[in-house]
Amino acid sequence: MLKILIADDERFEREMLGDIVSKCMGHEAEVRLAENGRQTVEIASIWGADLILLDIEMPGVNGIEAARQLKEQRPEIKIIFVTAYSLFSYAHEAVRLGASDYILKPVDAQDVEKAVRRVAAQAEAERQLAELARNGASQMEMPDSNAETDSSDKVSLTMSKVKDYLQHNYMYDISLDSVSEILGMSPSYFSVMFKRSFGVGFVDYLNELRIQAAQELLNDPLRSTAEVASLVGYESANYFARIFKKKTGMTPTEYRRKGGNSR
């Protein structure tokens, strides 16, 4: 069961968010509330929260600082920022801290449900990938000569989980080395298995996921190209623009001007 913490200094806001999350997740999650940043860090640390919906503008320890402290303790914890301010500086800081999403106030129930369910799926993908590693996915590197079929099944299962993991984590600083490390494989072996399974290299596959997400985000005229780049995992807006043009045949600006008609 997912442990979800709602943190907001406004009682009405946190109770409303709590009700929305409780209704959409049902028995899939346990929901608790916190009224400030200090309490958020304490409850999340002791209770072991998996996901926090965290208001940025709280007195004392604000949401950004609370997130920073929590990520230092448990890098795997999921955070969705909630803010009344649609500012790129917040979005960039959220991504830099490893936040999974951010929601604008006044919150919309459908937006909250969509974000929470997406992050819950992300957490599950990471859990399954880590479980594969614990169960010895690295043993595939040297399969028994009499167990080729079993080895092939393990490769297929592992790559299916890797696909889920990438689809839910493409916006973060991930690499072939970091994923192979989770799986306990050598990078060279993982690279060969990945290309054999998907027909393209790891970097090309990751870029494709990011550009697909960017195309959707560019449909929002209020998001700058730099913000979109940051939200899909590129620190450099110029590098993002080069990759985007390589994949779509247009720059992000041209794509937006043509109303999203790619290729």
Side-chain angles (χ1 to χ4, degrees), residues 2 50-54 56 63-64 67-68 70-72 74-83 86-104 111-130 161-182 194 198 200-220 222-248 252 255-256 260 262:
L2 201 66
D50 301 301
L51 166 62
I52 305 176
L53 273 71
L54 184 57
I56 289 181
I64 295 291
R68 185 176 291 110
L70 289 165
K71 281 291 187 178
E72 288 177 356
R74 290 175 54 215
E76 74 278 7
I77 198 167
K78 306 301 177 192
I79 295 173
I80 298 175
F81 280 126
V82 183
T83 176
S86 179
L87 297 177
F88 171 60
S89 57
Y90 276 153
H92 182 73
E93 185 69 3
V95 172
R96 195 184 68 79
L97 286 172
S100 298
D101 208 339
Y102 72 101
I103 301 170
L104 292 178
D111 289 342
V112 174
E113 180 175 357
K114 182 179 178 181
V116 170
R117 288 200 173 279
R118 186 181 69 79
V119 176
Q122 178 185 16
E124 177 62 14
E126 290 183 11
R127 185 194 67 76
Q128 291 185 5
L129 199 61
K161 300 304 181 185
V162 168
K163 180 179 179 180
D164 288 342
Y165 177 77
L166 293 179
Q167 287 176 334
H168 291 104
N169 292 274
Y170 63 82
M171 69 290 295
Y172 299 125
D173 182 19
I174 57 178
S175 65
L176 185 147
D177 285 350
S178 67
V179 177
S180 63
E181 183 177 357
I182 292 174
F194 190 95
F198 298 110
V200 295
F202 181 89
V203 173
D204 282 340
Y205 189 91
L206 181 59
N207 279 330
E208 187 66 32
L209 289 176
R210 288 173 168 173
I211 297 307
Q212 287 177 2
Q215 287 175 306
E216 292 187 21
L217 291 171
L218 285 168
N219 290 325
D220 182 352
L222 298 180
R223 295 187 189 275
S224 69
T225 299
E227 180 179 357
V228 171
S230 182
L231 288 172
V232 299
Y234 295 104
E235 291 188 6
S236 167
N238 289 334
Y239 180 69
F240 162 66
R242 290 199 300 271
I243 298 298
F244 191 95
K245 186 168 185 178
K246 180 180 178 181
K247 292 289 184 181
T248 68
Y255 179 87
R256 174 172 274 165
S262 63

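- Atoms NZ and CZ, on Lys247 and Arg210 in that order, are 11.5 Å from each other to the nearest 0.5 Å.
- Counting heavy atoms from C-beta on, the side chains of Ile182 and Tyr165 come closer than 4.5 Å.
- Side-chain atoms of Arg256 come within 3.5 Å of backbone N or O of Asp220 as a donor-acceptor pair.
- Lys71 places a side-chain heavy atom less than 4.5 Å from the side chain of Ile77.
- By the salt bridge (charged side-chain N to carboxylate O under 4.0 Å, His left out) test, Arg117 is found to be paired with Glu28, Glu113, residues two or more places apart in sequence or in another chain being considered.
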Inset, instruction - For the pair Leu51 and Ile79, evaluate side-chain contact (heavy atoms from CB on, under 4.5 Å) and give the outcome as yes or no after the intermediate values. - result: CA-CA 6 Å; Leu51 166 62; Ile79 295 173; 6.0 Å; no
Legend entry - side-chain contact (heavy atoms from CB on, under 4.5 Å) between Val116 and Leu53, worked out: CA-CA 9 Å; Val116 170; Leu53 273 71; 4.0 Å; yes
Inset, instruction - Decide side-chain contact (heavy atoms from CB on, under 4.5 Å) for Phe202 and Val179; before the verdict, give the C-alpha distance in whole Å, the side-chain angles of both, and the deciding distance to 0.1 Å. - result: CA-CA 10 Å; Phe202 181 89; Val179 177; 4.0 Å; yes
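- At least one donor-acceptor pair closer than 3.5 Å links the side chain of Ser180 to the backbone N or O of Asp177.
- Applying the side chain to side chain donor-acceptor pair (under 3.5 Å) criterion to Glu216, with sequence neighbours excluded, gives no partner residue.
- Counting all heavy atoms, side chain and backbone alike, Arg223 lies closest to Leu231 at NH1-CD1, 3.1 Å.
- Here the straight-line distance linking atom CG of Leu206 with atom CD1 of Ile211 works out to 10.0 Å at 0.5 Å rounding.
- For Asn207, the side chain to side chain donor-acceptor pair (under 3.5 Å) partners two or more places apart in sequence, or in a different chain, are Tyr234.
- Counting heavy atoms from C-beta on, the side chains of Leu218 and Phe244 come closer than 4.5 Å.
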Inset, instruction - Tell me, with the steps shown, if Leu166 and Ile174 meet side-chain contact (heavy atoms from CB on, under 4.5 Å). - result: CA-CA 9 Å; Leu166 293 179; Ile174 57 178; 3.6 Å; yes
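- In this structure the side chain of Leu104 reaches within 4.5 angstrom of the side chain of Thr83, judged on heavy atoms.
- Taking the side chain as every heavy atom from C-beta outward, Asp204 and Phe198 never approach each other to under 4.5 Å.
- Counting heavy atoms from C-beta outward, Glu208 and Tyr205 have side chains that stay 4.5 Å or more apart.
- For the atom pair CG (Leu176) and CD (Glu181), the distance works out to 11.5 Å, reported to the nearest 0.5 Å.
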